[in-house]
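Scope of the values below: all heavy atoms of this structure, side chains included, with no hydrogens, waters or symmetry mates. Residue numbers start from 1 in every chain, and the chains themselves are labelled A, B, ... in the order their sequence lines are given, proteins ahead of strands.
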2 protein chains.
Amino acid sequence: MPKSQNRSNQGSHSRTRSDHATELAEDYVEAIAELCESLGSCRVVDLARHFEVSHVTVNRTVGRLVRDGYVKTEPYRPVELTAKGKRLAQMSSQRHAVVLKFLIALGVSQSVAEIDSEGIEHHVSKETLEAMQKFMDKNI
Amino acid sequence: MPKSQNRSNQGSHSRTRSDHATELAEDYVEAIAELCESLGSCRVVDLARHFEVSHVTVNRTVGRLVRDGYVKTEPYRPVELTAKGKRLAQMSSQRHAVVLKFLIALGVSQSVAEIDSEGIEHHVSKETLEAMQKFMDKNI
DNA sequence: ACACAAGTTTAGCATTGGCTACAATTTCAT
DNA sequence: ATGAAATTGTAGCCAATGCTAAACTTGTGT
Ligand SMILES: [Mn+2]
Ligand SMILES: [Mn+2]
Ligand SMILES: [Mn+2]
Ligand SMILES: [Mn+2]
(Lines give C-alpha, C1' and ligand atoms only; values in the text may rest on other atoms or scores of the structure.)
(Ligands and ions follow the chains in the order given, each with its own letter.)
Protein backbone atom coordinates (compact mmCIF):
# COMPACT_ATOMS: atom_id res chain seq x y z
CA MET A 1 0.00 0.00 0.00
CA PRO A 2 1.21 3.53 -0.78
CA LYS A 3 2.81 5.35 2.10
CA SER A 4 0.13 8.10 2.18
CA GLN A 5 0.56 10.00 -1.08
CA ASN A 6 -1.18 13.08 0.29
CA ARG A 7 -0.94 14.72 3.72
CA SER A 8 -4.45 13.72 4.72
CA ASN A 9 -3.38 11.53 7.59
CA GLN A 10 -2.62 14.57 9.69
CA GLY A 11 -4.82 15.49 12.61
CA SER A 12 -7.25 18.39 12.61
CA HIS A 13 -4.99 20.68 14.57
CA SER A 14 -2.05 20.14 12.24
CA ARG A 15 -4.30 21.02 9.32
CA THR A 16 -5.49 24.18 11.06
CA ARG A 17 -1.89 25.19 11.73
CA SER A 18 -0.98 24.64 8.11
CA ASP A 19 -4.04 26.66 6.99
CA HIS A 20 -2.78 29.53 9.11
CA ALA A 21 0.66 29.33 7.53
CA THR A 22 -0.78 30.09 4.09
CA GLU A 23 -3.54 32.42 5.20
CA LEU A 24 -1.61 35.68 5.02
CA ALA A 25 -0.27 34.86 1.55
CA GLU A 26 -3.81 34.16 0.35
CA ASP A 27 -5.20 37.40 1.76
CA TYR A 28 -2.30 39.46 0.39
CA VAL A 29 -2.39 38.18 -3.17
CA GLU A 30 -6.16 38.60 -3.16
CA ALA A 31 -5.82 42.18 -1.92
CA ILE A 32 -3.02 42.97 -4.37
CA ALA A 33 -5.12 41.74 -7.29
CA GLU A 34 -8.13 43.78 -6.10
CA LEU A 35 -6.12 46.94 -5.52
CA CYS A 36 -4.36 46.66 -8.87
CA GLU A 37 -7.77 46.31 -10.44
CA SER A 38 -9.41 49.20 -8.62
CA LEU A 39 -6.51 51.65 -8.30
CA GLY A 40 -4.37 50.72 -11.28
CA SER A 41 -1.48 49.76 -9.03
CA CYS A 42 -0.91 48.46 -5.53
CA ARG A 43 1.36 50.35 -3.17
CA VAL A 44 2.56 49.34 0.27
CA VAL A 45 0.41 52.07 1.85
CA ASP A 46 -2.68 50.72 0.10
CA LEU A 47 -2.08 47.31 1.64
CA ALA A 48 -1.40 48.88 5.03
CA ARG A 49 -4.77 50.67 4.90
CA HIS A 50 -6.52 47.54 3.65
CA PHE A 51 -5.22 45.27 6.42
CA GLU A 52 -5.09 47.92 9.14
CA VAL A 53 -1.46 47.24 9.96
CA SER A 54 1.59 49.47 9.74
CA HIS A 55 3.31 49.95 6.41
CA VAL A 56 6.39 48.35 7.93
CA THR A 57 4.52 45.15 8.61
CA VAL A 58 3.31 45.15 5.02
CA ASN A 59 6.83 45.65 3.80
CA ARG A 60 8.21 42.63 5.57
CA THR A 61 5.22 40.47 4.66
CA VAL A 62 5.67 41.44 1.02
CA GLY A 63 9.31 40.42 1.42
CA ARG A 64 8.20 36.92 2.40
CA LEU A 65 5.82 36.82 -0.57
CA VAL A 66 8.71 37.75 -2.87
CA ARG A 67 10.84 35.05 -1.27
CA ASP A 68 8.04 32.54 -1.87
CA GLY A 69 7.55 33.60 -5.48
CA TYR A 70 4.08 35.17 -5.27
CA VAL A 71 5.09 38.76 -5.83
CA LYS A 72 7.73 40.83 -7.57
CA THR A 73 8.91 44.25 -6.49
CA GLU A 74 11.51 46.84 -7.34
CA PRO A 75 12.63 49.32 -4.70
CA TYR A 76 10.19 52.17 -4.12
CA ARG A 77 7.85 50.80 -6.78
CA PRO A 78 4.36 49.31 -6.56
CA VAL A 79 3.86 45.64 -5.78
CA GLU A 80 3.00 43.21 -8.57
CA LEU A 81 1.88 39.60 -8.67
CA THR A 82 3.83 36.85 -10.40
CA ALA A 83 2.01 34.22 -12.44
CA LYS A 84 2.06 32.01 -9.37
CA GLY A 85 0.66 34.89 -7.31
CA LYS A 86 -2.12 35.48 -9.83
CA ARG A 87 -3.09 31.82 -9.73
CA LEU A 88 -3.28 31.85 -5.94
CA ALA A 89 -5.22 35.13 -6.00
CA GLN A 90 -7.72 33.70 -8.45
CA MET A 91 -8.22 30.56 -6.40
CA SER A 92 -8.46 32.40 -3.07
CA SER A 93 -10.83 35.02 -4.30
CA GLN A 94 -13.18 32.45 -5.83
CA ARG A 95 -13.24 30.46 -2.63
CA HIS A 96 -13.74 33.64 -0.60
CA ALA A 97 -16.67 34.66 -2.80
CA VAL A 98 -18.34 31.27 -2.39
CA VAL A 99 -17.99 31.39 1.39
CA LEU A 100 -19.34 34.94 1.53
CA LYS A 101 -22.32 34.22 -0.69
CA PHE A 102 -23.00 31.03 1.24
CA LEU A 103 -23.17 32.84 4.58
CA ILE A 104 -25.53 35.40 3.08
CA ALA A 105 -27.67 32.60 1.62
CA LEU A 106 -27.74 31.09 5.12
CA GLY A 107 -29.33 34.30 6.38
CA VAL A 108 -26.33 36.07 7.85
CA SER A 109 -26.28 39.84 7.34
CA GLN A 110 -23.97 41.26 4.69
CA SER A 111 -21.69 43.06 7.17
CA VAL A 112 -21.27 40.09 9.51
CA ALA A 113 -20.87 37.69 6.58
CA GLU A 114 -18.06 39.85 5.25
CA ILE A 115 -16.24 39.74 8.57
CA ASP A 116 -16.75 36.03 9.32
CA SER A 117 -15.91 34.90 5.79
CA GLU A 118 -12.53 36.61 6.03
CA GLY A 119 -11.44 34.09 8.66
CA ILE A 120 -13.52 31.07 7.64
CA GLU A 121 -12.40 30.96 3.99
CA HIS A 122 -8.94 29.65 4.88
CA HIS A 123 -10.28 26.59 6.68
CA VAL A 124 -12.77 25.45 4.06
CA SER A 125 -11.70 22.27 2.27
CA LYS A 126 -12.64 21.42 -1.30
CA GLU A 127 -15.35 19.09 -0.04
CA THR A 128 -16.91 21.71 2.22
CA LEU A 129 -16.70 24.34 -0.50
CA GLU A 130 -18.59 22.04 -2.85
CA ALA A 131 -21.23 21.40 -0.19
CA MET A 132 -21.69 25.16 0.18
CA GLN A 133 -21.99 25.58 -3.57
CA LYS A 134 -24.50 22.75 -3.78
CA PHE A 135 -26.59 24.35 -1.03
CA MET A 136 -26.73 27.62 -2.96
CA ASP A 137 -27.63 25.83 -6.20
CA LYS A 138 -30.46 24.00 -4.46
CA ASN A 139 -31.83 27.19 -2.87
CA ILE A 140 -32.05 28.92 -6.28
CA MET B 1 -23.38 59.31 20.63
CA PRO B 2 -21.41 56.59 22.48
CA LYS B 3 -17.79 56.18 21.47
CA SER B 4 -18.29 52.61 20.21
CA GLN B 5 -18.96 50.56 23.33
CA ASN B 6 -17.96 47.30 21.62
CA ARG B 7 -15.10 46.56 19.22
CA SER B 8 -17.38 46.01 16.24
CA ASN B 9 -16.12 48.95 14.24
CA GLN B 10 -12.94 47.08 13.40
CA GLY B 11 -12.32 45.78 9.93
CA SER B 12 -12.58 42.14 8.94
CA HIS B 13 -8.86 41.50 9.06
CA SER B 14 -8.50 42.96 12.54
CA ARG B 15 -11.30 40.68 13.69
CA THR B 16 -9.63 37.66 12.11
CA ARG B 17 -6.35 38.54 13.84
CA SER B 18 -8.11 38.88 17.18
CA ASP B 19 -9.87 35.53 16.60
CA HIS B 20 -6.47 33.93 16.12
CA ALA B 21 -5.16 35.46 19.33
CA THR B 22 -7.77 33.58 21.38
CA GLU B 23 -7.89 30.45 19.27
CA LEU B 24 -5.19 28.49 21.07
CA ALA B 25 -6.71 29.26 24.46
CA GLU B 26 -10.09 28.03 23.24
CA ASP B 27 -8.67 24.80 21.83
CA TYR B 28 -6.61 24.14 24.95
CA VAL B 29 -9.36 24.64 27.52
CA GLU B 30 -11.67 22.53 25.38
CA ALA B 31 -9.07 19.76 25.18
CA ILE B 32 -8.28 19.97 28.89
CA ALA B 33 -11.95 19.62 29.77
CA GLU B 34 -12.34 16.65 27.42
CA LEU B 35 -9.21 14.89 28.65
CA CYS B 36 -10.12 15.42 32.31
CA GLU B 37 -13.49 13.91 31.50
CA SER B 38 -12.21 10.91 29.57
CA LEU B 39 -8.96 10.15 31.41
CA GLY B 40 -9.72 11.48 34.89
CA SER B 41 -6.91 14.01 34.62
CA CYS B 42 -5.06 15.95 31.96
CA ARG B 43 -1.28 15.71 31.73
CA VAL B 44 1.07 17.69 29.55
CA VAL B 45 1.81 14.59 27.48
CA ASP B 46 -1.88 14.07 26.81
CA LEU B 47 -2.13 17.56 25.39
CA ALA B 48 1.04 17.05 23.35
CA ARG B 49 -0.47 13.92 21.81
CA HIS B 50 -3.81 15.65 21.24
CA PHE B 51 -2.34 18.66 19.42
CA GLU B 52 0.55 16.82 17.79
CA VAL B 53 3.14 19.22 19.15
CA SER B 54 6.06 18.67 21.49
CA HIS B 55 5.53 18.57 25.25
CA VAL B 56 7.70 21.69 25.49
CA THR B 57 5.32 23.65 23.31
CA VAL B 58 2.45 22.48 25.51
CA ASN B 59 4.34 23.50 28.59
CA ARG B 60 4.89 27.06 27.46
CA THR B 61 1.36 27.39 26.12
CA VAL B 62 -0.02 26.18 29.44
CA GLY B 63 2.20 28.82 31.06
CA ARG B 64 0.40 31.51 29.09
CA LEU B 65 -2.96 30.04 30.05
CA VAL B 66 -1.94 30.18 33.71
CA ARG B 67 -0.81 33.79 33.22
CA ASP B 68 -4.20 34.59 31.66
CA GLY B 69 -6.15 32.85 34.42
CA TYR B 70 -7.61 29.92 32.48
CA VAL B 71 -5.63 27.15 34.10
CA LYS B 72 -3.93 26.26 37.36
CA THR B 73 -0.93 23.99 37.75
CA GLU B 74 1.50 22.75 40.35
CA PRO B 75 4.94 21.48 39.34
CA TYR B 76 4.91 17.95 37.96
CA ARG B 77 1.16 17.71 38.45
CA PRO B 78 -1.73 17.46 35.98
CA VAL B 79 -3.28 20.57 34.48
CA GLU B 80 -6.59 21.86 35.80
CA LEU B 81 -9.05 24.49 34.64
CA THR B 82 -10.00 27.52 36.71
CA ALA B 83 -13.64 28.66 36.86
CA LYS B 84 -12.83 31.10 34.05
CA GLY B 85 -11.24 28.26 32.07
CA LYS B 86 -14.30 26.07 32.55
CA ARG B 87 -16.58 28.83 31.33
CA LEU B 88 -14.48 29.31 28.18
CA ALA B 89 -14.30 25.54 27.64
CA GLN B 90 -18.06 25.24 27.91
CA MET B 91 -18.65 28.07 25.46
CA SER B 92 -16.02 26.87 22.99
CA SER B 93 -17.08 23.30 23.02
CA GLN B 94 -20.74 24.18 22.44
CA ARG B 95 -19.84 26.41 19.51
CA HIS B 96 -17.53 23.74 18.13
CA ALA B 97 -20.30 21.14 18.36
CA VAL B 98 -22.75 23.36 16.49
CA VAL B 99 -20.25 24.03 13.69
CA LEU B 100 -19.41 20.33 13.38
CA LYS B 101 -23.04 19.23 13.29
CA PHE B 102 -23.84 21.98 10.85
CA LEU B 103 -21.17 20.86 8.38
CA ILE B 104 -22.43 17.29 8.62
CA ALA B 105 -26.00 18.50 8.08
CA LEU B 106 -24.72 20.36 5.00
CA GLY B 107 -23.54 17.04 3.60
CA VAL B 108 -19.86 17.12 4.46
CA SER B 109 -18.38 13.78 5.51
CA GLN B 110 -17.72 13.19 9.19
CA SER B 111 -13.94 13.08 8.85
CA VAL B 112 -13.66 16.25 6.74
CA ALA B 113 -16.21 18.04 8.91
CA GLU B 114 -14.11 17.25 11.96
CA ILE B 115 -11.01 18.73 10.36
CA ASP B 116 -12.64 21.85 8.87
CA SER B 117 -14.66 22.65 11.98
CA GLU B 118 -11.47 22.77 14.03
CA GLY B 119 -10.39 25.90 12.17
CA ILE B 120 -13.77 27.40 11.28
CA GLU B 121 -15.17 27.42 14.83
CA HIS B 122 -12.96 30.32 15.91
CA HIS B 123 -14.24 32.65 13.20
CA VAL B 124 -17.95 32.05 13.66
CA SER B 125 -19.77 35.03 15.19
CA LYS B 126 -22.88 34.76 17.34
CA GLU B 127 -25.04 35.73 14.38
CA THR B 128 -23.54 33.08 12.09
CA LEU B 129 -23.76 30.45 14.82
CA GLU B 130 -27.45 31.21 15.19
CA ALA B 131 -27.96 30.94 11.45
CA MET B 132 -26.31 27.52 11.49
CA GLN B 133 -28.50 26.42 14.38
CA LYS B 134 -31.61 27.69 12.62
CA PHE B 135 -30.66 25.76 9.48
CA MET B 136 -30.37 22.54 11.46
CA ASP B 137 -33.68 23.15 13.22
CA LYS B 138 -35.39 23.71 9.87
CA ASN B 139 -33.91 20.54 8.35
CA ILE B 140 -35.19 18.38 11.24
C1' DA C 1 15.53 74.00 -9.14
C1' DC C 2 14.49 72.53 -5.09
C1' DA C 3 11.94 72.10 -0.83
C1' DC C 4 8.47 69.43 1.09
C1' DA C 5 5.22 65.70 1.14
C1' DA C 6 4.36 61.11 0.35
C1' DG C 7 5.95 56.74 0.14
C1' DT C 8 9.45 53.16 1.23
C1' DT C 9 13.07 50.90 3.63
C1' DT C 10 16.01 49.82 7.60
C1' DA C 11 17.05 49.16 12.43
C1' DG C 12 15.64 47.43 16.43
C1' DC C 13 12.14 45.68 19.65
C1' DA C 14 8.30 42.35 21.49
C1' DT C 15 5.25 38.27 21.57
C1' DT C 16 3.64 33.94 19.99
C1' DG C 17 4.30 29.40 19.07
C1' DG C 18 7.12 25.88 16.99
C1' DC C 19 11.60 22.87 17.88
C1' DT C 20 15.86 19.85 20.16
C1' DA C 21 18.79 18.69 23.88
C1' DC C 22 19.33 18.09 28.45
C1' DA C 23 18.12 18.23 33.51
C1' DA C 24 15.02 17.20 37.15
C1' DT C 25 11.21 14.81 39.21
C1' DT C 26 7.87 11.31 39.84
C1' DT C 27 6.10 6.72 39.19
C1' DC C 28 6.52 1.90 38.61
C1' DA C 29 8.51 -2.70 38.76
C1' DT C 30 11.35 -5.70 40.78
C1' DA D 1 14.41 0.23 48.35
C1' DT D 2 16.25 1.31 44.19
C1' DG D 3 16.97 1.71 39.33
C1' DA D 4 14.59 2.45 34.99
C1' DA D 5 10.84 4.61 32.58
C1' DA D 6 7.74 8.20 32.12
C1' DT D 7 6.80 12.74 32.80
C1' DT D 8 7.78 17.54 33.44
C1' DG D 9 10.72 21.50 33.29
C1' DT D 10 14.74 24.55 31.55
C1' DA D 11 17.95 26.50 28.19
C1' DG D 12 18.39 28.10 23.98
C1' DC D 13 17.26 28.12 19.13
C1' DC D 14 14.10 29.76 15.05
C1' DA D 15 10.34 32.01 12.08
C1' DA D 16 6.28 34.75 11.71
C1' DT D 17 3.99 38.90 12.54
C1' DG D 18 3.01 42.89 15.05
C1' DC D 19 5.15 47.74 16.48
C1' DT D 20 7.92 52.72 16.58
C1' DA D 21 11.58 55.67 15.14
C1' DA D 22 14.54 57.24 11.82
C1' DA D 23 16.65 57.30 7.23
C1' DC D 24 16.10 57.31 2.49
C1' DT D 25 13.82 57.86 -2.23
C1' DT D 26 10.40 59.67 -5.26
C1' DG D 27 7.47 62.87 -7.02
C1' DT D 28 5.01 67.56 -6.82
C1' DG D 29 4.24 72.30 -6.66
C1' DT D 30 5.96 76.78 -7.02
MN1 LIG E 1 -9.79 36.66 1.49
MN1 LIG F 1 -9.03 36.01 4.80
MN1 LIG G 1 -10.15 24.73 16.96
MN1 LIG H 1 -8.07 30.76 11.38
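For the pair Leu35(B) CG and dT7(D) C1', the computed distance is 16 Å after rounding to whole Å. As rounded to whole Å, 7 Å separates atom P of dT10(D) from atom CG of Asn59(B). Atom NE2 of His20(A) and atom C1' of dT17(D) are 14 Å apart (whole Å). Distance CG (Leu39(B)) to P (dA6(D)): 17 Å, rounded to an integer number of Å. Gln10(B) places its CD atom 13 Å from the P atom of dG18(D), with the value rounded to the nearest Å.
The hydrophobic clustering, which links ILVMFWY residues whose side-chain heavy atoms are closer than 4.5 Å, places Val71(B) and Leu24(B) together.
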For nucleotides 12-16 of chain D, which of its nitrogen or oxygen atoms have a protein nitrogen or oxygen under 3.5 Å away, and what is each distance?
from, atom 1, to, atom 2, distance (Å)
dA16(D), OP1, Arg67(A), NH1, 3.3
dA16(D), OP1, Arg67(A), NH2, 3.2
dA16(D), OP2, Arg67(A), NH1, 3.3

Do any N or O atoms of the protein come closer than 3.5 Å to N or O atoms of nucleotides 24-28 of chain D, and which pairs are they?
from, atom 1, to, atom 2, distance (Å)
dT25(D), O4', Tyr76(A), OH, 3.3
dG27(D), OP1, Arg77(A), NH2, 2.4

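Taking a cutoff of 4.0 Å between a charged side-chain nitrogen and a carboxylate oxygen, Arg43(B) and Asp46(B) do not qualify as a salt bridge. Between Glu26(B) and Arg95(B) there is a salt bridge, since a side-chain N of the basic residue sits under 4.0 Å from a carboxylate O of the acidic one. Between Lys126(A) and Glu130(A) a salt bridge is recorded (basic side-chain N to carboxylate O distance below 4.0 Å).
Within a 6.0 Å radius of NZ in Lys84(A), other residues, nucleotides and ligands contribute more than 12 heavy atoms. More than 12 heavy atoms of other residues, nucleotides or ligands lie within 6.0 Å of NZ in Lys72(B), so this atom counts as buried by the packing criterion.
Stacking of His55(B) onto the six-membered ring of dT8(D) is present: less than 5.5 angstrom between centres, less than 30° between planes.
Under the 30°/60° scheme for interplanar angles, the aromatic rings of Phe51(A) and His13(B) are found to stand perpendicular.
For Leu47(B) against Val58(B), the heavy-atom pair with the smallest separation is CB-CG1, 3.7 Å.
Residue-to-nucleotide proximity on DNA chain C shows that, of Glu52(B) and Asp46(A), the 5′-proximal contact is made by Asp46(A). Taking for each of Val53(A) and Glu74(B) the nucleotide of DNA chain D with the nearest heavy atom, the 5'-most of the two is the partner of Glu74(B).
In this model, a donor atom of one side chain and an acceptor atom of the other lie less than 3.5 Å apart for Ser117(B) and His96(B). Residues His20(A) and His122(A) have side chains that never bring a donor and an acceptor to within less than 3.5 angstrom of each other.
Using a 4.0 Å cutoff to heavy atoms of chain A, the contacted part of DNA chain C runs 5' to 3' from dG7(C) to dG18(C).
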Walk me through whether Asp19(B) and Arg15(B) qualify under salt bridge (Lys or Arg N to Asp or Glu O under 4.0 Å). CA-CA 6 Å; Asp19(B) 290 344; Arg15(B) 232 289 303 277; 3.2 Å; yes
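Phosphate contact (OP1/OP2 of dC19(D), side-chain N/O of Ser54(A), threshold under 4.0 Å): present.
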